[in-house]
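Everything below concerns the one structure shown next.
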Amino acid sequence: MRGFLIILFFIPQLCAGSVLPPVTIVSKDKQVATQVLQEEVKRRTGLVWPITAQAPDNGVVIIFQTKPCAPESYHIHRTGRIILVEGDGSRGLLYGAGYLLRIMQYRQKAAMLPEEIHADATPEKGIRGHQIGYRNLANSYDGWTPEQYEQYIRDLAIFGANSIEAIPFMPASPHFTVSSNEMTHRISGYCKKYDLDFSVWTPATFDLKDTIKKHQFLMQFDTLFRETVRLNAVFFPGGDPGNNAPQLVLPLLEELAVPLKQYHPEASIWLSLQGYDSTECAFVYSYIHQRKPLWLGGIVVGPSSPSLENTRAALPPQYKIRHYPDITHTVRCDYPVVWWDPAFAFTLGREPVNPQPVYYANIYRFIAPDMDGFISYSDGAHDDINKMLWSMLGWNSKADVREMMIQYANYFFPSASPELIADGILALEKNWEGPVTDNGGITATLTLWQQQERLHAELAGNWRWQMCLLRAYYDAYTRERAIREATLEAEVNRTLLEHKGNEIANAERILQQADQKVKPQWRNRIIALCDDLYKSVSLQTSVAKYKAAGPERGAILDFLDRPLNNRWWLEDKFRYIKTLPLAEQRKALDTLGRWENPGRPGSFYDDIGNVSKSPHVVRKEDLHTDPLMRRSDTPGFDWWESGYSRKRLSWMVSLRWPAAMRYDHLDTTAHYVVRITGYGESLLRANGVLLKPSLYNKGTGEIKEFPVPADISKSGTLLLTWDDINEEHLNWRQHSRVAEVWLIKL
């Protein structure tokens, strides 16, 4: 029989703004759940609820009591002044306390709970965790103190997480507050304190045939196993990083399992098949079926892994599948932002503050049946909302997204209106939908957050508040720049066609007008918020100023003024054109001026990957029917020269090739030619007929041209499609792709 632990909390019946008498918390054996509730209420209200052994005779009483029930579950019911919280051991009680903290209303010296509470919660998934690696590649974690780590782990538990994954053995970072080994041991201790599972992610980034390096690698683990107070799992990625065949990896893991089981008998090893080809995957599955290794906990499915459903079909049922979802990146990732405007892709980049609750809830619900749980991939604090969302979805995949955001706002911004802030978070996600210049909601979203900023000065130091404000200001500032710089480029194009002899000088003066900043007050606020976030949570938004590990690692401040038109490309073209004979200069300027408007009226231009300049691109299914975009497509954004490429912007945005391009109401008597830029091969068909090129250059930005036979376009409708090309043997950077398509009326 389990013993019963009874812990009583006394809270007087409250009205908003009432002055509280002393509050008593009654406990025979203080548990971490009572400590968390006590401390978090104090943090938000200033109330101090001491714990004693006797319950008061009046007021509201909260009773915490262990009860045999489903693993980690809790049950909360209120009858009159009694609120009974029953939980499955320490975890169940902690999650019950977390639920109360998420729904409690907070004011200075006041805390209120609903008159009626009936909550019966059992998690749907047994693994609900997040990787928060203390390493230089992270855009913020490497600057955290142990105390910040503990608070963050506590916050994750309050929202339902039960697993924390660390990254040990990391070299020093300029931001480290303690060594990598020290922080790993601290995180292990925090997981023990809050009764959470502790896991480590440990790739082998060397050739496993190197026996000396392999021995050193294993010795690190021996120290780790001996010194960590809690360790439940070791996750070894097959690739990303690492490039070792499973024939070398599996013997290593067998060897590793011996000391692991010696120091942590219940722990297991998990393997991902990231980067493995079909033959290597088959080897792993055959090994598991034949050997049935007891040390193997299961398979992790992450980026570049076989799919969840294929893994489940190949894996014996006694082994679990853990997803490794990338909820931290926006581009070049498993779950990219769908049809993201290039204005954001080239400024916000790969790791901006990225609350996407609706998007990730759709993804989670789609993949949930094929996994036993998840430990997300995270490279910093910027994806905080996504982590809390996934933690809650691990309990209830059908939970209402807005209600989850209300709980988020209520807990982290206790003095603000949770409904209004939840809507503000959802509005930030809407900012990224469709063409940036057409999305007037971006400005409205900023107005909402500015109003809240003025109303809640007390939240100015709250890093989660700062992140929401940063995104609201950054999005709105980027939109204003995009509108203005598009206008300037259009003016340049007109100027280049004037034939007055001073076209280049006039065009350069027009482009330089962008140096006069639009909305300088917004820009200054962005700079100030980046500084505030570096101080509050070590968010490294600049390589030069805050020592971010690289431009891709959330360095949005460095791209705050990156041209959103083709200024850099045009300036380079002008320098080259000035070296040409006058006759050739004139021809080259005409080409630039007519780049997007070639030929006679009735010609068309599409920037294939630009959501605002691709009207003829046929798009497939959307996120409602294809959440993982397996039958759909979305543009990719290249990262040339670390984001500072001076090439034409359209050449850095690609869709490989679109599903189709459709043109209607064409002149049935005219002749047409299709012109293309991109890279590599292009097997183009028009109304199903393979076209023969008259010009076929393969370099980036070079021209291909395909005359369209008159009988093909005589119906007045033209459908362009591309034959697929198998380029699996090439790195994705060398894959063929289409960037721009013209249909030119001759």
Side-chain angles (χ1 to χ4, degrees), residues 139 329-333 336-354 356 382 428 431-439 442 470-471 473-490 492 511 514-515 517-519 522-523 526-527 530 541-544 548 550-572 595-596 606-614 634-655 677-679 700-701 733 737 739-740:
N139 62 37
H329 292 134
T330 53
V331 293
R332 298 178 292 284
C333 58
V337 180
V338 176
W339 281 96
W340 208 20
D341 193 293
F344 289 138
F346 291 135
T347 53
L348 286 170
R350 197 170 184 232
E351 289 180 8
V353 176
N354 67 331
Q356 295 172 269
H382 63 285
L428 289 174
N431 280 4
W432 287 355
E433 293 184 5
V436 62
T437 55
D438 296 345
N439 190 349
I442 294 173
L470 175 61
R471 258 293 309 284
Y473 276 102
Y474 202 110
D475 289 358
Y477 177 70
T478 300
R479 179 173 185 263
E480 290 294 321
R481 286 209 305 124
I483 292 171
R484 183 188 187 198
E485 292 180 26
T487 301
L488 292 178
E489 184 166 343
V492 165
L511 290 173
D515 294 334
K517 308 305 181 188
V518 299
K519 301 292 184 179
W522 293 0
R523 184 177 183 275
I526 291 166
I527 294 170
C530 287
T541 54
S542 169
V543 174
E552 269 197 300
R553 298 295 176 176
I556 65 170
L557 188 59
D558 293 344
F559 299 99
L560 183 60
D561 297 314
R562 191 216 191 282
L564 300 179
N565 59 16
N566 288 297
R567 175 180 179 175
W568 287 349
W569 180 72
L570 287 167
E571 289 174 340
D572 292 347
W595 190 272
E596 296 184 14
D606 285 77
D607 181 350
I608 296 301
N610 189 328
V611 66
S612 64
K613 290 185 176 182
S614 52
T634 197
F637 297 89
D638 296 322
W639 194 252
W640 298 343
E641 299 172 46
S642 298
Y644 294 97
S645 172
R646 297 178 67 89
K647 293 187 181 295
R648 188 170 177 84
L649 297 185
S650 56
W651 300 347
M652 292 182 279
V653 184
S654 64
L655 197 57
T677 63
Y679 175 83
T700 298
R733 295 170 181 83
R737 55 190 177 270
E740 300 168 289

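Below, all heavy atoms of this structure are taken into account, side chains as well, without hydrogens, waters or symmetry copies. Computed from a predicted structure; not experimentally measured.
Counting heavy atoms from C-beta outward, N565 and V492 have side chains that stay 4.5 Å or more apart. A 4.5 Å side-chain heavy-atom check between I608 and P635 finds every atom pair outside the cut-off. When side chains are defined from C-beta on, T330 does not count as touching F344, because their heavy atoms never get closer than 4.5 Å. Using a 4.5 Å heavy-atom threshold, the side chains of T478 and F346 count as separate. No side-chain heavy atom of N431 sits less than 4.5 Å from a side-chain heavy atom of R479.
Using a 4.0 Å cut-off between charged nitrogen and carboxylate oxygen, R648 and E596 count as a salt-bridge pair. A salt bridge links D475 with R471: the distance from a Lys NZ or Arg NE/NH1/NH2 to an Asp or Glu carboxylate oxygen falls below 4.0 Å. Contact check on E641 versus K647 returns no salt bridge, with no Lys/Arg side-chain nitrogen under 4.0 Å from an Asp/Glu carboxylate oxygen.
When all heavy atoms of A345 and F637 are compared, the closest pair comes out as CB-CD2, 3.3 Å. A514 approaches R567 most closely through the heavy-atom pair CB-NH1, 4.0 Å. Residues V611 and D341 share a closest heavy-atom pair of CG1-OD2, 3.8 Å. Shown here for I483 and T437, the closest heavy-atom pair between the two residues is CG1-CG2, 3.7 Å. Between A544 and D558, the shortest heavy-atom contact is N-OD2, 4.3 Å. Closest approach of L470 to C530, counting heavy atoms only: CD1-SG, 3.9 Å.
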Go through it in stages, so that I can follow the logic: the residues are R562 and W568, the test is side chain to side chain contact (heavy atoms under 4.5 Å, CB included), and I'd like the CA-CA distance, side-chain angles, deciding distance and then a yes or no.
CA-CA 10 Å; R562 191 216 191 282; W568 287 349; 3.9 Å; yes
Where do W340 and W432 land on the side chain to side chain contact (heavy atoms under 4.5 Å, CB included) test, with the steps shown first?
CA-CA 6 Å; W340 208 20; W432 287 355; 3.3 Å; yes
Quick one, L348 with N354, criterion side chain to side chain contact (heavy atoms under 4.5 Å, CB included). Give me CA distance, side-chain angles, the key distance, then yes/no.
CA-CA 10 Å; L348 286 170; N354 67 331; over 6 Å; no
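Between atom NZ of residue K517 and atom CG of residue L560 there is a gap of 8.0 Å, rounded to the nearest 0.5 Å. Within the model, atoms CD1 of I556 and CD of E351 stand 11.0 Å from one another, a figure rounded to the nearest 0.5 Å. Interatomic distance, OG1 of T541 versus CD1 of I527, reported as 10.0 Å (0.5 Å rounding). For the atom pair CD of E480 and NZ of K519, the computed distance is 5.5 Å after rounding to the nearest 0.5 Å. Annotation: the span from D561 atom CG to E485 atom CD amounts to 8.5 Å, rounded to 0.5 Å.
With ring centers used as reference points, W569 lies under 6.0 Å from W651.
Under the 3.5 Å distance criterion, with hydrogens and angles disregarded, no donor-acceptor pair is assigned to the side chains of S614 and D606.
Remark: side-chain polar atoms of N566 are paired, donor with acceptor, to backbone N or O of L649 under 3.5 angstrom.
The side-chain hydrogen bond (donor to acceptor under 3.5 Å, both in side chains) search around S612 returns N610, not counting sequence neighbours.
Tested against D638, the residues R737, R733, R332 include a single salt bridge (charged side-chain N to carboxylate O under 4.0 Å, His left out) partner, R737.
Ring geometry for W522 against Y473 counts as perpendicular: the plane angle is over 60°, on a 0 to 90° scale with 30° as the lower cut.
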